[in-house]
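To start, the structure itself, in structure tokens.
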Amino acid sequence: MDIEAEPSLRSIVNHESLKWIFVGGKGGVGKTTTSSSISIQLALHNPNKKYLLISTDPAHNLSDAFNQKFGKDARQVEGLPNLSCMEIDPDSTLENLQKNNESTFGSAGGNDPLKSMMGDITGSIPGIDEAFSFMEVLKHIGETKENQIKYDTVIFDTAPTGHTLRFLQLPSTLEKLLGKVNELSGRFGPMLNNLLGSQGGQSIDFASKIKEIQVQVTEVNKQFQDPELTTFVCVCISEFLSLYETERLIQELMSYNMDVNSIVINQLLFSDDSECRRCNARWRMQKKYLDQMDELYEDYHLVKMPLLAMEVRGLENLKKFSKYLIEPYNSETDGHVVFDLEEQ
Amino acid sequence: MDPFSILLTLTLIILAQNAVRIVGKSQIHQSIWNLYLRYSNDQQILKLRNLKAESYDVYKQRSNTSAQDEYAKWTKLNRKYDQLQTEIKAVSDQVSQQQQAIEKYLGLAISVTTTLPLWLFRFKYRKQPLFYFPKDTFPSYLEWILSFPSVPQGSIGIMFWILLLNKFVSNLEFIVKTFSTKVEKPVPIVKVEDLSPK
């Protein structure tokens, strides 16, 4: 890339083929606001496409961000018909998953030791819960029922860093693990099937069930590593620890072959000549890290967002705020927005 | 071979065998491998040496850089350090394959030089008396045992000499170890009441 990356998310908004957009970063840096803003801008710029914003954070705040109640089923945002939101409760998906597991590996026949062993094996694989809940989500989105809308792009508002990483690591870990299980079941499968079959009355083809899951996981993996389909937007604030975490996040994502080329730097003060001494000092500190970031991530889209006077909540406020994801914020001409938000 | 040369060679071999046993095969492997690492001209090993030196250099630079004041510089060093670490790991994996091969041959060489000649001697000179006792030193049934299985009565054969030497070395080892290990002196038991302030 010769040209310096422009400091906006225009490339994402104008992208034709993106299917999955992840928004992640440390806690408290404005992930939810950013993901909502990105979704709104996508929906505004491409009125004929359908978008879905999903929060996988156990502490849901999409409802708060939009001032509208969302649940585990996709619901349209009032005033923006081509954007829907849903909040997934990881715990309830887990319960579903366990029920699902039971049906996958034979109905739980009370004290059947073999079946509970199967449950233990599948349950003890690290990160398996996330994998299943994630596949559940994908299945949910992927199903094309008659009255269900097909979404062009899904935006994920992910939980703070550690959780996100584990979530993304899954396809590759699971793939390795399933390879091992496959190998084993090739040897012991017939025996297992015999045992299960003689007890449950019906033969359960364990190996083929696992292969089925592997196919799904591999497909997801392939999609996530394709920069035409998936991208990751990092959100951070201009402070040391946040930048440090962001760097780690980026390195980690790159090791999973995920595409990362945008960083949103939130909560900047832009107070060059204000009366407030504290603001000035703080802005100087932020600028120090901004310069460092410019140097470090020169081929990334570094989007600089202002800190507003109030919480950015409600569709109208989010619209005003999100504008600057596309058109870089200019503190001289756009300064009015800081106090422009409507009181909720 | 005259009896004296056989005696001497056997003694040397057995001493060597016992030395290997006492020092430990892995210890010998390790020290030879260390020598090899230091003086070898192998490409991989040279590369590993350079990488390690470089990584130490980067590590020192990183430690001398303030992460908060020069974030960009620090992060670049950090990236470089991480990258060097992964490279080092890859190269040392390859090198450890070499190490395994070398250890395999070394182990083979040690057992061939210490065990094989012993068996050959046992077979070839099994009827060769090494030395005779002066007449009537032991009662004849003892002499018969000592000359078992195939040397003339009244002499010592290879079998018995090997047995005696091994016994001698292991007893010597036991004595040296017993007297060279320090034994902790027992500590007098302190009653709880004695500790509490009066």
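Every value quoted in this text rests on a predicted model; they were computed, and no experiment measured them. So you know, we letter chains A, B, ... as the sequences are listed, proteins then strands, and number each from 1.
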Closest approach of A:Gln292 to B:Glu70 (non-hydrogen atoms, all atoms of both residues):
OE1-C, 3.5 Å
Flag yes if more than 12 heavy atoms outside B:Lys80 fall under 6.0 Å of its NZ atom; otherwise flag no.
no
So for B:Asp69, is it side chain, backbone, both, or neither that comes closer than 4.5 Å to the heavy atoms of chain A?
both
Got more than 12 heavy atoms from elsewhere within 6.0 Å of CZ, B:Phe131?
yes
Exceeds 12 heavy-atom contacts within 6.0 angstrom, atom CZ of B:Arg62:
yes
For B:Tyr59, look at atom OH and say whether over 12 heavy atoms of other residues, nucleotides or ligands are found less than 6.0 Å away.
no
Can you tell me how far apart CH2 (B:Trp74) and CZ (A:Phe240) are? Round to the nearest 0.5 Å.
5.5 Å
Is the backbone N or O of A:Leu243 less than 3.5 Å from a side-chain atom of B:Tyr71, with the two atoms forming a donor-acceptor pair by type?
yes
Side chain, backbone, both or neither of A:Tyr289 within contact of chain B (heavy atoms, under 4.5 Å):
side chain
If you count every heavy atom of other residues, nucleotides or ligands that lies below 6.0 Å from B:Gln30 atom CD, does the total exceed 12?
yes
Distance col, row B:Thr75:OG1 vs A:Arg248:CZ, nearest 0.5 angstrom, shows 12.5 Å
Assess whether a salt bridge exists between B:Lys73 and A:Glu295, defined as any Lys/Arg side-chain N lying under 4.0 Å from an Asp/Glu carboxylate O.
no
Hey, is NZ on A:Lys288 packed in by over 12 heavy atoms from elsewhere, all under 6.0 Å?
yes
Test side chain to side chain contact (heavy atoms under 4.5 Å, CB included) on B:Asp82 and A:Gln251; report intermediate values, then the result.
CA-CA 10 Å; B:Asp82 286 347; A:Gln251 295 299 331; 5.5 Å; no
